[in-house]
Amino acid sequence: MVRGYKEDLLFYIRDIDRYADDGEDTRNPPRALHYLTPGNILEPFEEWVYDPTRPILYVEAPIDNGDSVAIPHELLEELRDRKGLHCTWFFGRARLYFGRDENRINPKTKFLAFLCSMIVQLAALMPDTYDDVTGALTEARFDDLDEMGANMGAIPYSIPKLIEIVKALALLGPTEVFFVFEGCDCIVQGDQDLARQLVNFLGYLATAQPQVSGKVWKTLWIASRPSMPIQNSSGGDSIAV
């Protein structure tokens, strides 16, 4: 076990921060004076928020269906800004990545941006000091992330190694965390290996919680279409616009 300090952790992730692109500001719809999210989503959403036995909620919200564009943003704002809950978030569809059109960005780069964003957001939630029982948050482990030779032209980090850091931050961070994933089925579209890694990662967030004493991890998965492989692997409640 290693004694960890948030100040050091924020220093270790300084390069990862360059590749964190959660997409919230890239495609932020005009704000309305009233909720655009329909009641058939808000009511089960509120029930899910306060039910610790339901780790995943799936919302099917087509991005090009009028007011549905605002739904992912409103649900995040409800959790993070109005309820004051600890959250991570990532918007994956119909947006720019690092200022470039999403069609010009490969799935691996999108997935790495997704993981880097989670690391930066989770690190911000860490206590000032913590006991790193995982050994995954040491300076040496962050220095070992670099895979420039294997990722020419892409973000130079190993996906499996980034996933282990995300898991460690979730384990050592706040008691309750909400993971808001919007359009993340799109980021790995066309790459079966990345899709498998994403399914396994989401499955871990859903199934590891009972094994982690006192932790409540809840995933809000918002997609433009049913993400059956993810739903079948992890279970969860489903609602649609």
Side-chain angles (χ1 to χ4, degrees), residues 1-22 49-56 79-80 83-90 108 111-151 155-181 184 194 196-221 233-235:
M1 181 169 62
V2 179
R3 189 66 167 173
Y5 299 89
K6 182 176 181 178
E7 182 179 5
D8 292 339
L9 177 64
L10 295 179
F11 177 77
Y12 300 156
I13 69 169
R14 65 194 184 282
D15 289 330
I16 290 176
D17 196 8
R18 295 169 50 202
Y19 300 110
D21 184 5
D22 58 54
V49 168
Y50 297 108
D51 186 345
T53 67
R54 299 162 61 190
I56 299 182
L79 291 170
R80 183 191 61 194
K83 298 185 186 302
L85 298 170
H86 296 301
C87 297
T88 76
W89 58 93
F90 191 84
K108 185 170 186 178
F111 196 11
L112 287 167
F114 164 81
L115 294 171
C116 289
S117 296
M118 287 194 74
I119 288 172
V120 170
Q121 292 161 359
L122 286 169
L125 301 177
M126 291 290 285
D128 290 338
T129 60
Y130 53 89
D131 293 325
D132 182 6
V133 296
T134 69
L137 303 181
T138 64
E139 185 173 13
R141 292 294 290 272
F142 282 95
D143 288 343
D144 191 43
L145 281 173
D146 197 328
E147 286 193 348
M148 178 62 78
N151 294 281
I155 300 174
Y157 297 131
S158 157
I159 286 178
K161 291 176 183 178
L162 287 175
I163 288 176
E164 290 307 308
I165 290 175
V166 172
K167 290 179 179 180
L169 289 168
L171 177 65
L172 301 174
T175 300
E176 183 178 57
V177 180
F178 286 77
F179 303 105
V180 180
F181 300 143
C184 292
L194 293 182
R196 175 187 55 80
Q197 293 185 68
L198 179 59
V199 167
N200 291 341
F201 175 59
L202 183 66
Y204 168 81
L205 295 180
T207 60
Q209 174 194 319
Q211 305 171 30
V212 181
S213 177
K215 294 289 182 178
V216 177
W217 297 340
K218 298 176 77 71
T219 299
L220 177 61
W221 183 267
S233 69
S234 306

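Values below: all heavy atoms of this structure, side chains included; hydrogens, waters and symmetry mates excluded.
- Taking every heavy atom of both residues into account, L198 and C184 meet most closely at CD2-O, 3.5 Å.
- In this structure the side chain of L112 never reaches within 4.5 angstrom of the side chain of Y19, judged on heavy atoms.
- Put simply, CD1 on I119 and OH on Y12 are 14.5 Å apart, with the number rounded to the nearest 0.5 Å.
- Closest approach of F142 and I13 over heavy atoms only: CE2-CG2, 3.6 Å.
- For the pair Y157 and I16, the minimum side-chain heavy-atom distance is below 4.5 Å.
- At least one side-chain heavy atom of L194 sits less than 4.5 Å from a side-chain heavy atom of I159.
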- Might you work through the side chain to side chain contact (heavy atoms under 4.5 Å, CB included) test for F178 and L220, ending with a clear yes or no? CA-CA 7 Å; F178 286 77; L220 177 61; over 6 Å; no

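- Counting heavy atoms from C-beta outward, T88 and V166 have side chains that stay 4.5 Å or more apart.
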**OP:** Applying side chain to side chain contact (heavy atoms under 4.5 Å, CB included), run through L172 and V133 and close with a yes or a no.
**Re:** CA-CA 8 Å; L172 301 174; V133 296; 4.1 Å; yes

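- Proximity of D132 to R3: side-chain heavy atoms (C-beta onward) are nowhere separated by under 4.5 Å.
- Scanning all heavy atoms of the two residues, the minimum distance from L9 to A123 falls at CD2-CB, 3.9 Å.
- In this structure, F114 and F90 have perpendicular ring planes: the angle between them is above 60°, well past the 30° mark.
- Taking each heavy atom of V49 and K83 in turn, the nearest pair found is CG1-CD, 4.3 Å.
- Nearest heavy atom pair, residue Y50 against residue P52, reads O-CD, 3.4 Å.
- Using cut-offs of 30° and 60° on the angle between ring planes, the pair F181 and F201 is tilted.
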Test salt bridge (Lys or Arg N to Asp or Glu O under 4.0 Å) on K161 and E164 and set out the steps. CA-CA 5 Å; K161 291 176 183 178; E164 290 307 308; over 6 Å; no

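- Residue H86 comes nearest to L125 through the heavy atom pair ND1-CD2, 3.5 Å, listed as atom of the first residue, atom of the second, then distance.
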Is there a side chain to side chain contact (heavy atoms under 4.5 Å, CB included) between K6 and L10? Walk through the geometry before answering.
CA-CA 6 Å; K6 182 176 181 178; L10 295 179; 4.2 Å; yes

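- Side-chain atoms of L145 and D15, non-hydrogen and from C-beta on, never get closer than 4.5 Å to each other.
- Within the 4.5 Å cutoff, the side chain of L85 has heavy atoms near those of the E176 side chain.
- Y204 places a side-chain heavy atom less than 4.5 Å from the side chain of W217.
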What do the steps show when you test F179 against Q121 for side chain to side chain contact (heavy atoms under 4.5 Å, CB included), and what is the final call?
-> CA-CA 10 Å; F179 303 105; Q121 292 161 359; over 6 Å; no

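- Under a 3.5 Å cut-off, the side chain of K215 and the backbone N or O of V177 do not form any donor-acceptor pair.
- Atom CD1 of residue I165 and atom CE of residue M118 lie 12.5 Å apart, to the nearest 0.5 angstrom.
- Between the side chain of S117 and the backbone N or O of D21, at least one donor-acceptor pair lies under 3.5 Å.
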